[in-house]
Amino acid sequence: MNRYEFIRRTLASFVRKWNLKLFLSRIMAGGVWGQILVAFLLFAIVCVIVGCCYRWDMGDLKRAYVDMLSPVSLRSAAYDTYSLTDAGVPAQVKAVKATNSDMWRLVLLYLIGTVLFSGVLIATITGILRSWGERFKNGEMVFRTFCGHSVFLGYNDMVPGMIEKICGNPQHRLPRGIRIVIGVPSDVQGVYQQLRNSLCWEHRKCVVVLKADSNNEWDLFRRMRVHRSQEVYIIGHGDDAYRMNSYEKIKSLCERMKVTMPECHVEMRHQSTFALFQTYTEEAGYDHLHAFNFHDVWARKMVTQKEIDTRQGKSIGPDSGKQVHLVVVGMTEMGEALAREAAFLCHYPNYVTKGIRTRITFIDPQAKEQMTYLTGRYHHLFNLCRHSFRNFYTGECTYHTPKWDFLDIEFEFIQANIASEAIRKEITQWATSDKQVLTIAVCTDMPHRSMAAGLYLPDEVFDRDIPVWVYQPAKGDLKQYLDKSQFKNVTTFGMSGNDLNIKNEELIRQAKRLNHFYWHLDDPTIDYSNAKIIDEEWDGCKVFDKWSNIYNVSAIPAKLRSVGGAIKENDVEILAEVEHNRWNVEKLLMGFRPTTEEEHQAILADSKKKKEYKNKFIHDDIRPFSELDEETKKIDIRFTREIPNIIGA
């Protein structure tokens, strides 16, 4: 790097970190004292410039002042300045008698100068400064120096908590200047007001809100500077298709600018769209796309808590005779997300040793209709999974037991009202049973009804400290008040605060190491020290393989709890079978189906067909662990032994 390039980069870094335009904009958009300060600074700058032009020759100014005190009247005399041609002789001021015509000219010039400077020029400058402040308040400014910042396209209640996560992450901190730019199509001042109510001053000064449409390329390029950003969050505004269109615009812009595309986190509001992008098969251009769903993030956070399978410090081990039982009240999007995550992650060794399945129960007044929708959506899973339906209004009962019955979870759908006496008796039996590890999640559409249902459960639920999760999609958290009451076992979730972690860097780090393990199955020992290679291998994965790795490492804490925290040699084969049981359900939930007998025979005749079928979402390994070939079993066994290295323990 030559000297001029170093100077250029240093100046660019200085301008970016000490953004003078942004600094002045904030002052002009603030109170009257800030505007007075700017006016004073401008006056001081003018004085400095004039002083520099006259070289601050105080001797000349003093002589001029003395001459002006001569008896000649200011009303009848004008002053002119002339310089002697001799070198080194200073200028002098001389008073001369002015004629009437000269006086009229002087008065005319004085009036014109007064009008121009006092009226027009000052009013113009004042108008410019006032307009500057208003444009900043309305988000209509353009800051060309933004670089390495985080961009939010859209705004909702999640954004303040996400901003706090970013501001608290040392990897994102800059010494000075802007870090977070929020683009909203309207109501910029309303967003500022919400941020003022939600963020502390230290975090607020890191944020600028601009008026921008996430589907407008001019706004993305000139105003939001997405091609120079570090990461982009497409959130809040519009439907799922609209937000994906924003991603396509950013991808197209970065390709034209020939710059590396920022990491884009795109909110998928609906579970169906989110599931689509969990199984997206396109590779090129989509390795920077990270889809997330609000309900899915919260559901995984709750289901991975140890309270779902642990009582008095003991979890579900190989010798346990207890059944993990999750009761979901309300088949809403959050309720279904909880059940889905539990099906992904809640798998235990006592199914291998004692055949005890994890049970997921739905209670809803419209359970039959919702069951029809859910079983149709995940038909590959429910074709192979035990499930039942009970109608407490009519007494109707149906049971489905598949011929190929090898999955370690089961579902139950109950059509009833949570407040009915029959359901309260049922919940009391579950809570008092020594054979169950019960958790109740209340997820109705209305937060106040969810809270009421959670607080007015049978007394046995509170006497035995059964965990009760109450869905409260609000900005605050009532947990601190619940802890000081008789409802200590009640936990609220679903808030929009900084508890929501959509990136979960530690989980992704472990998923990348797991992916590295699968890439090097043939190596006698696996080295995890080269982070660059691990990242490159991760970027080469298909999306559904990435999610498979994420769900796999998410289930590791439950496996470790089930064997007391450390894997012993006699636990390896049992945990390997637990992992395969979990993997079976994961693949069925993500849209895979098992092979038919004809397809299985074709794979036995030609092993290359296994990969061909997998690309069609048909997997030959969706079967009981005992029916796997020995090579596939060895993979699960080696993975179990490798868990401490994968999680970096």
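Here the structure is a predicted model, which is why all the values come from computation and not from measurement.
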Can you check whether His516 and Tyr528 have ring centres sitting under 6.0 Å from each other?
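Centroid separation for His516 and Tyr528: below 6.0 Å.
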
Side chain proximity check, [X] to [Y], heavy atoms < 4.5 angstrom:
{"X": "His600", "Y": "Arg623", "answer": "yes"}
{"X": "Tyr351", "Y": "Glu577", "answer": "no"}
{"X": "His265", "Y": "Ile235", "answer": "no"}
{"X": "Leu153", "Y": "Leu220", "answer": "yes"}
{"X": "Ile550", "Y": "Asn504", "answer": "no"}
{"X": "Lys633", "Y": "Phe625", "answer": "yes"}
{"X": "Asn515", "Y": "Asp545", "answer": "no"}
{"X": "Asn645", "Y": "Ile526", "answer": "no"}

Before giving the answer on salt bridge (charged side-chain N to carboxylate O under 4.0 Å, His left out), spell out for Glu599 and Arg593 the whole-Å C-alpha distance, their side-chain angles and the decisive distance to 0.1 Å.
CA-CA 12 Å; Glu599 291 165 342; Arg593 69 165 176 84; 2.9 Å; yes

[X]: salt bridge (charged side-chain N to carboxylate O under 4.0 Å, His left out) partners, not counting sequence neighbours:
{"X": "Asp535", "result": "Lys512"}
{"X": "Lys532", "result": "none"}
{"X": "Glu579", "result": "Lys559, Arg582"}

If you compare all heavy atoms of [X] against all heavy atoms of [Y], which two are closest, and at what distance to 0.1 Å?
{"X": "Leu345", "Y": "Ser554", "result": "CD2-CB, 3.7 Å"}
{"X": "Met331", "Y": "Phe362", "result": "CG-CD2, 3.5 Å"}
{"X": "Phe294", "Y": "Gly494", "result": "CZ-O, 3.1 Å"}
{"X": "Thr332", "Y": "Cys443", "result": "OG1-O, 2.6 Å"}
{"X": "His380", "Y": "Gly591", "result": "CD2-O, 3.5 Å"}
{"X": "Cys254", "Y": "His227", "result": "SG-CA, 4.2 Å"}

Partner residues of [X] under the side chain to side chain contact (heavy atoms under 4.5 Å, CB included) criterion, sequence neighbours left out:
{"X": "Ala602", "result": "Lys609, Tyr613"}
{"X": "Ser315", "result": "Asp309, Thr310, Arg561"}
{"X": "His270", "result": "Asp240, Ser272, Thr273, Glu333"}
{"X": "Ala299", "result": "Ala337, Leu338, Glu341"}

So, [X] side chain and [Y] main chain: donor-acceptor pair closer than 3.5 Å or not?
{"X": "Arg513", "Y": "Ile646", "answer": "yes"}
{"X": "Thr358", "Y": "Cys346", "answer": "yes"}
{"X": "Arg509", "Y": "Ile647", "answer": "yes"}
{"X": "Ser320", "Y": "Gly317", "answer": "no"}
{"X": "Ser562", "Y": "Tyr348", "answer": "no"}

Under 3.5 Å, is there a donor-acceptor pair between the [X] and [Y] side chains?
{"X": "Ser252", "Y": "Arg256", "answer": "yes"}
{"X": "Glu263", "Y": "His290", "answer": "yes"}
{"X": "Ser150", "Y": "Glu231", "answer": "yes"}
{"X": "Lys587", "Y": "Ser548", "answer": "yes"}
{"X": "Glu336", "Y": "Tyr378", "answer": "no"}

With [X] via ring-ring contact (aromatic ring centres under 6.0 Å, His included) - residues at least two apart:
{"X": "His379", "answer": "none"}
{"X": "Phe517", "answer": "none"}
{"X": "Tyr242", "answer": "His237"}
{"X": "His619", "answer": "Trp583"}

Gap between atom [atom2] of [Y] and atom [atom1] of [X] - 0.5 Å precision:
{"X": "Ile250", "Y": "Met224", "atom1": "CD1", "atom2": "CE", "result": "9.0 Å"}
{"X": "Asn293", "Y": "Glu267", "atom1": "CG", "atom2": "CD", "result": "7.5 Å"}
{"X": "His520", "Y": "Glu537", "atom1": "NE2", "atom2": "CD", "result": "4.0 Å"}
{"X": "Asn584", "Y": "Asp408", "atom1": "CG", "atom2": "CG", "result": "8.0 Å"}
{"X": "Ile466", "Y": "Leu438", "atom1": "CD1", "atom2": "CG", "result": "5.0 Å"}
{"X": "Met302", "Y": "Phe493", "atom1": "CE", "atom2": "CZ", "result": "6.0 Å"}

Aromatic rings Phe413 and Phe382: how do their planes relate, parallel, tilted or perpendicular, breaks at 30° and 60°?
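Correct class here is tilted.
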
Look at the rings of Phe639 and Tyr518 and say which category their plane angle falls in: under 30° parallel, 30 to 60° tilted, over 60° perpendicular.
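Aromatic pair Phe639/Tyr518 classed parallel.
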
Mind running side-chain contact (heavy atoms from CB on, under 4.5 Å) on Val259 and Arg228 for me, showing each step along the way?
CA-CA 8 Å; Val259 296; Arg228 300 178 64 185; over 6 Å; no

Got a sec, which pairs hit salt bridge (Lys or Arg N to Asp or Glu O under 4.0 Å) with one end in residues 563-573, sequence neighbours left out?
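For residues 563-573: Lys568-Asp571, Glu569-Arg641.
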
Stepwise, does the side-chain contact (heavy atoms from CB on, under 4.5 Å) test hold for Gln601 with Leu604?
CA-CA 5 Å; Gln601 294 301 323; Leu604 293 178; 3.9 Å; yes

Stepwise, does the ring-ring contact (aromatic ring centres under 6.0 Å, His included) test hold for Trp547 with Phe274?
CA-CA 12 Å; Trp547 278 104; Phe274 177 61; 5.4 Å; yes

Has Lys354 got more than 12 heavy atoms of other residues, nucleotides or ligands less than 6.0 Å from its NZ?
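Yes - once you tally the heavy atoms of other residues, nucleotides and ligands closer than 6.0 Å, there are more than 12.
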
Is Asp405 salt-bridged to Arg357, going by a charged N under 4.0 Å from an acidic O?
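Salt bridge: yes.
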
